[in-house]
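Before any comments, here is the structure.
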There are 2 protein chains.
Amino acid sequence: MATVISPVSPQAFAEFQGLLGDGRVITDAEGLRAFRDPFQFHTWEDNTASAVLSPTTVEEIQEIVRIANRFGVPLWTHGQGRNNGYGGPAPRVTGSVIVSLRQMNRVLEINGDLAYAVVEPGVRWFDLYEAVQASGHKLMLSIADLGWGSVVGNTLDHGVTYAPYGVDMGMQCGMEVVLADGSVMRTGMGAMPGNRSWHLYKRGLGPTPDQLFMQSNFGIVTKMGVWLMPMPETYMPLWLRVWDDDDLAPMFEVLRALMLDGTIRMVPQVMNTVLYGAVVAKRADFWTAEGPIPVDVLDRMARQLDIGRWLMRFALYEDEAVADLKFAKIKRAFESAIPRAEVWGTKYSADEIPGIENPAEKIQGGVPNLDWNNMTAWYGGGEGGHIGFSPVAPLTGPDALALRDLLRGMVQGAGLDYIAGLLPINARSFIHITMVIFDTKDEAQTRAAYDVSRRLVVEAAKLGYGEYRAHLDFMDLAAEQYSFGDHAYRRFCETIKDALDPNGILSPGKQGIWPRSMRS
Amino acid sequence: MATVISPVSPQAFAEFQGLLGDGRVITDAEGLRAFRDPFQFHTWEDNTASAVLSPTTVEEIQEIVRIANRFGVPLWTHGQGRNNGYGGPAPRVTGSVIVSLRQMNRVLEINGDLAYAVVEPGVRWFDLYEAVQASGHKLMLSIADLGWGSVVGNTLDHGVTYAPYGVDMGMQCGMEVVLADGSVMRTGMGAMPGNRSWHLYKRGLGPTPDQLFMQSNFGIVTKMGVWLMPMPETYMPLWLRVWDDDDLAPMFEVLRALMLDGTIRMVPQVMNTVLYGAVVAKRADFWTAEGPIPVDVLDRMARQLDIGRWLMRFALYEDEAVADLKFAKIKRAFESAIPRAEVWGTKYSADEIPGIENPAEKIQGGVPNLDWNNMTAWYGGGEGGHIGFSPVAPLTGPDALALRDLLRGMVQGAGLDYIAGLLPINARSFIHITMVIFDTKDEAQTRAAYDVSRRLVVEAAKLGYGEYRAHLDFMDLAAEQYSFGDHAYRRFCETIKDALDPNGILSPGKQGIWPRSMRS
C-alpha cells in the first residue's frame with residue numbers, strides 16, 4: 001500500500017488557502033503536531049499530515065473535495081479526532097491533508113416531542129449535552145466515556161455509548177453526506193425534499209446507505225440525526241462486584257439471560273481490577289518492580305480499593321416501581337449464582353442526575369466528563385498512552401474466559417499489565433477492549449505495546465474473534481483477517497470505493513480500504 | 001426504462017436446464033401463471049416472466065448468475081414471492097427469468113443459548129416456527145401478518161413484524177450473499193472465516209453492507225441470521241378501542257409517550273373500522289350500494305362488530321409483575337386522555353401461547369397463521385386483491401389526521417373504501433398502510449385502484465410523506481419523489497449498481513434502480 005504520498009502541489013495549497021483563508025489552513029510544523037497520533041512515540045514520524053483544513057460549511061467541504069480531485073490530494077476527515085487509542089486525528093497515509101470538522105459544531109435542531117437532535121460533525125458530547133439542557137427538554141443522551149469526542153465521529157467509528165440507545169449503536173437516524181464527486185446526498189427519508197421523517201424512520205425507499213459511511217471512506221458526513229431518550233422517572237446506576245477472576249464466566253451467563261429478557265437494556269461495562277484501579281489510583285501505589293503486576297498484588301488491590309477482581313457498572317432507566325422489581329431480580333440472579341458477589345445501586349430522579357459525582361454513574365446517566373481519561377497515566381508521570389485492541393466475542397462464560405486467557409497471556413508476556421474493559425454491546429455479544437497502556441516516553445515499552453497488539457490481531461482471529469475497530473497501524477492486518485471467499489468483502493468494498501471515488505481522495509486506507517491507485 | 005426485454009436466447013434456457021434439469025425450470029404458460037402479480041387484472045400481461053428457476057444450493061445460484069452474465073439475462077429473485085399488494089412474485093421487467101428460492105428452505109441452525117436461528121431464503125414463518133417448536137427451545141419469533149411469507153424475503157423488503165424485535169426491523173444479523181459476479185460474500189463478522197460472532201454482533205470491521213441488500217438489486221441473499229426472543233414469563237396481548245374517528249390524534253400522542261419511555265416495546269397495529277371489519281365480516285352485510293361506505297354505516301359497523309372506529313392491537317412481553325404495572329399505566333393513560341376509550345388484555349404464560357385463537361393475538365405472540373388474509377375478499381365473491389400504498393409519517397396526532405384526510409379523500413374519491421392499518425414502527429414514526437382493496441374480476445374497479453394509488457404517491461410526497469415500499473407498478477414513480485440534490489441518492493445507487501453488476505442482470509428496476517443499459 002502507498003502509505004506515504006509525494007508532496008502535495010503548492011497550487012493545491014494555494015487553492016485551499018484561497019477558499020478558507022490563512023486562518024483555517026494549518027501547514028506549519030508546530031500546528032501540525034497537534035494532529036499527530038497522540039500516543040505515538042515522540043520521535044516517530046508515521047501518519048503525519050501535510051496540512052489541516054477547517055471548513056465551516058457544507059459548501060466549503062464540497063469545494064475542498066473538488067480541489068482534492070483536481071490535484072489528486074488524499075484527504076483524511078475527523079469530527080474531533082479524539083479516537084485516541086486507535087490513532088486520534090492522524091491520517092493513515094503520511095502527507096494527507098486533514099479535513100478537521102471541529103469548527104462545524106452547531107446543534108441544528110432539538111425536537112422535544114419527537115426526542116431527537118440534528119448535529120454537525122464537530123459537535124462534542126459536551127456541546128450536545130449543554131444544548132439539550134439549555135432547550136429545557138427532559139431528554140437524556142447516550143454518551144461515550146469521554147465527553148470531548150464528536151457525536152458523529154464516535155458513531156462513524158462504531159464507537160460505543162452506554163444508555164439504552166447505545167445497544168447496537170441504535171441512536172443514529174438520517175444523514176447528510178458529501179460524496180467524493182462533490183455532490184450532497186441525504187439518506188433515508190431525507191432523500192425526499194421536505195420529507196417529515198428524515199430523523200424518525202431509519203430507512204427510506206430503496207437500500208439504506210447510512211452504515212456504509214461508518215468505518216469507511218465513501219463520503220464525508222455533514223449532518224446526522226441523534227435519538228434522545230426521555231428522562232426516565234428513575235435512573236438507577238448499579239454495580240456488581242466479584243472476587244474471583246473466574247467469576248467472569250457465571251457473571252456473563254447470568255448477564256446474558258438478563259439482557260435477553262429485557263431486564264437490562266443498556267450497555268454495561270465490565271472492568272478488571274487494573275482497569276478500574278487505573279481510574280481511581282496510581283500503579284506506583286501497588287507495584288514498582290519490573291513486569292506485570294502479580295496475582296497476589298491484584299488481589300490486594302482489589303481489596304484495598306474495594307473494587308473486586310471484576311466490577312461491572314450498569315444501570316436501569318425505568319418507572320420507579322419497575323426499577324424496584326428489576327433491581328430485586330438482578331440482585332437475586334447474580335448473588336445466587338456467584339459466591340461473595342454483591343449488587344448495589346442508587347436511585348436518582350431526573351432532577352438529581354446533574355448532581356451525580358461518580359464518573360461512571362455520570363457517563364451512564366448521559367452527563368459528559370473526562371474522568372475516565374485518568375487511566376492512561378497508569379505508567380509514568382502522567383504521560384501515558386494506550387492502544388485499543390478490541391475483538392468481538394459471544395456473550396458466554398466460556399468465550400469470556402478463552403479471550404481473557406489469550407489476551408492476558410500475551411499482554412503479560414510482553415511485560416505489560418492486562419487491562420480489560422468488556423462491553424456487552426447487545427444481549428448476544430461483547431467487545432473486549434484491551435487497553436494496552438504504556439508510557440509514551442519509554443520507547444522500548446511503546447514498541448513492546450505495538451508489537452503485542454499486532455500479534456494479538458492474528459492470534460485472536462485464529463480463535464474466531466475479530467476486531468470491531470482497529471488502530472491506524474493495524475488496520476490492514478485486521479482487515480486481512482476478514483478473508484472469507486478469497487476476500488470477497490474487501491473486493492466488494494474496493495469495488496464501491498473505486499466507483500464512488502475514482503481518484504481515491506477520501507481517507508485512503510481507512511479500515512484497510514484502499515483506492516485502486518494505492519493498492520499494491 | 002426498458003420494461004420489456006427481447007426474448008431470452010434458447011441457448012441460455014438450455015444452460016439453465018442443463019444445470020437444474022427440467023424439473024426445476026418452468027417455461028410453460030400454465031406454470032408461469034402462478035408467478036404473476038396475483039392481484040393484476042387477469043387479462044393484463046405486464047410483469048410476466050419467461051421462466052422460473054428453482055435452485056437448491058448456493059453453488060447453483062452462483063452458476064445461474066454466471067449463465068445470466070454470459071447471455072445478458074435479467075433475473076428476478078424471491079424467497080416465497082408473497083409480497084402480495086406490492087407485486088407478489090412478478091418481475092419488474094417482462095421477460096425476466098425468476099429465480100425462486102422456495103426450495104432453499106432449510107433452517108440451518110437454532111441456537112438456544114444465544115437465541116438465534118440461521119435460515120435459507122425459502123424458509124417461511126410457518127417453517128421457522130415449527131423448527132423452533134421442534135427444537136424444544138423456549139424462543140419466540142417476531143412474525144409478519146401472514147405465515148406463508150419468507151423470513152428472508154420479508155426482511156429484504158423492509159417488511160414489518162410485530163414483537164419487540166420487529167421495532168425498526170432489528171432482528172436480522174449477518175448474511176451470506178451471492179454477488180453479480182458469482183462470488184459469495186459473508187457480511188459482518190462472517191467475513192472472517194470461523195468467526196464465532198457472525199449472527200451475534202450486527203457489524204464487522206469496516207462498513208456494514210447488510211442494509212444495502214434490502215430493497216435493492218445488488219446481490220442474492222442465501223443465508224441470514226434471525227434473532228429470537230426468549231419466551232417472556234407473561235405475554236399479554238392488549239386492545240385499545242376508540243369511538244370517534246378523530247380520536248386517532250390523542251391516541252397517537254399517548255402512544256408516542258408510552259413507546260418513547262419503553263413501556264410499549266413492540267410494533268402496534270392501528271386499524272380503522274373497515275380494516276378490522278374486513279378480517280371478521282363481509283362488506284355485503286353492511287353496504288351493497290355504489291361508492292364508499294358512508295360514515296353512518298361505518299358507525300353502525302363499529303358498534304355491531306364492537307370494534308370501534310379505531311382498534312389498536314398491541315402487547316406486553318414481560319415478567320408478570322412488570323406486565324401488571326405496565327398494563328395499569330397504559331390503561332390509565334389512554335382512558336384518561338380519550339373519552340369512551342377502553343383498554344383490555346389477557347395474560348398468557350409461554351405454554352398457553354400455542355392455544356390462543358384470536359389471529360391478532362397469535363401474530364403478536366409469534367404463532368403464524370393466514371387468518372388476516374381474509375380481508376382482501378372484502379369486495380366480490382372471494383376474488384379480492386389489494387395494492388399497498390404505504391407512506392411513513394411522524395408519530396404525532398396532527399400527522400395522523402393529515403395523512404388520514406389526504407388518503408381517505410382520494411381513495412373515497414375513486415369510489416373505494418378507505419381501509420387503513422397504521423404501524424408505529426418505532427417510537428417516532430408510523431407506516432400508514434393503505435389497503436387499496438378491489439375486486440380483481442372487475443376491471444374498472446381494478447383500474448380505479450391503480451389510478452388512485454399512482455396519484456397518492458405524488459400527493460403524499462407533496463405533504464412530506466414518502467413510501468417505505470412500493471408496488472411494482474409505482475416503483476419508479478415512488479423513487480422519483482426522492483429527488484434531493486438533483487437525485488443524488490438515485491445516482492449513488494446507480495453508481496453502486498453499475499460497479500457491482502455491470503451487465504445489469506440482478507432484478508433490474510427493483511425499487512427504481514436500473515442498470516446503465518436499461519436507463520433511459
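Every chain is numbered from 1 and lettered A, B, ... according to where its sequence line falls, protein lines coming before strand lines.
- Side-chain atoms of Arg203(A) and Gln211(B), non-hydrogen and from C-beta on, do get closer than 4.5 Å to each other.
- Using a 4.5 Å cut-off between heavy atoms, Asp399(A) touches chain B through its side chain atoms alone.
- Note on Asp261(A) versus Lys329(A): salt bridge recorded, some NZ/NE/NH1/NH2 to OD/OE distance being below 4.0 Å.
- In this structure, chain B has a heavy atom under 4.5 Å from the backbone of Leu228(A), while its side chain stays farther away.
- Listed by chain and number, the residues in a side-chain hydrogen bond (donor to acceptor under 3.5 Å, both in side chains) with Tyr165(A) are Arg428(B) (sequence neighbours excluded).
- Interface summary for chain A: among Pro209(B), Gly206(B), Pro193(B), the most heavy-atom pairs under 4.5 angstrom belong to Gly206(B).
- With Glu176(A) contributing its side chain and Thr222(A) its backbone, the two residues share no donor-acceptor pair below 3.5 Å.
- Interface remark: Trp198(B) contributes no atoms to any contact with chain A (heavy atom separation under 4.5 Å).
- Taking every heavy atom of both residues into account, Leu506(B) and Ala180(B) meet most closely at CD1-CB, 3.8 Å.
- Residue Leu500(A) touches chain B through both its backbone and its side chain, counting heavy-atom pairs closer than 4.5 Å.
- A side-chain donor-acceptor contact under 3.5 Å links Gln215(A) to the backbone of Tyr468(A).
- Both the backbone and the side chain of Asp113(B) have a heavy atom closer than 4.5 Å to some heavy atom of chain A.
- Chain A forms the most heavy-atom pairs under 4.5 Å with one residue out of Leu205(B), Thr263(B), Leu114(B), Asp157(B), and that residue is Leu205(B).
- The pair Lys326(B)-Glu318(A) does not count as a salt bridge, with every side-chain nitrogen at least 4.0 angstrom from each carboxylate oxygen.
- For Leu325(A), the part sitting under 4.5 Å from any heavy atom of chain B is the side chain, from C-beta outward, and nothing else.
- Among Pro230(A), Gly194(A), Ala427(A), the residue with the largest count of heavy-atom pairs under 4.5 Å with chain B is Pro230(A).
- In this structure, chain B has no heavy atom under 4.5 Å from any part of Phe430(A).
- Comparing Ala488(A), Ala393(A), Gly464(A), Ala321(A) by heavy-atom pairs within less than 4.5 Å of chain B, the highest count is held by Gly464(A).
- Interface residue Asp168(A): backbone and side-chain heavy atoms are both found under 4.5 Å from chain B.
- Under the 4.0 Å criterion applied to side-chain N and carboxylate O atoms, Glu494(B) and Arg516(B) are not assigned as salt-bridge partners.
- Between Leu403(A) and Pro391(A), some side-chain heavy-atom pair lies under the 4.5 Å cut-off.
- Looking at Leu156(A), neither its backbone nor its side chain comes within 4.5 Å of chain B, counting heavy atoms on both sides.
- Here Asp319(A) is the residue among Val177(A), Ile513(A), Thr396(A), Asp319(A) with the most heavy-atom pairs under 4.5 Å with chain B.
- Contacts with chain A were tallied for Ala499(B), Cys493(B), Pro232(B); Ala499(B) has the most, counting heavy-atom pairs under 4.5 Å.
- For Thr187(A), no part lies near chain B; criterion is any non-hydrogen pair under 4.5 Å.
- Applying the side-chain hydrogen bond (donor to acceptor under 3.5 Å, both in side chains) test to Arg469(B) and every residue at least two apart in sequence or in another chain returns nothing.
- For Ile425(B), the part lying under 4.5 angstrom from a heavy atom of chain A is the side chain only.
- Residue Leu260(A) touches chain B through both its backbone and its side chain, counting heavy-atom pairs closer than 4.5 Å.
- With chain A as partner, the option from Gly170(B), Pro394(B), Ser183(B) having the largest number of non-hydrogen pairs under 4.5 angstrom is Pro394(B).
- Ranking Gly204(B), Gly485(B), Gly188(B) against chain A, the residue ahead of the rest is Gly204(B), based on heavy-atom pairs under 4.5 Å.
- Close placement of the Tyr116(B) and His199(B) rings is indicated, their centers lying within 6.0 Å of each other.
- The contact between Gln511(A) and chain B is made entirely by side chain atoms (from C-beta outward), counting heavy-atom distances below 4.5 Å.
- Of the listed residues (Lys510(B), Met231(B), Met169(B), Glu233(B)), the greatest number of heavy-atom pairs within a distance under 4.5 Å of chain A belongs to Met169(B).
- The aromatic rings of Phe213(A) and Phe492(B) are tilted relative to each other, their planes meeting at an angle between 30° and 60°.
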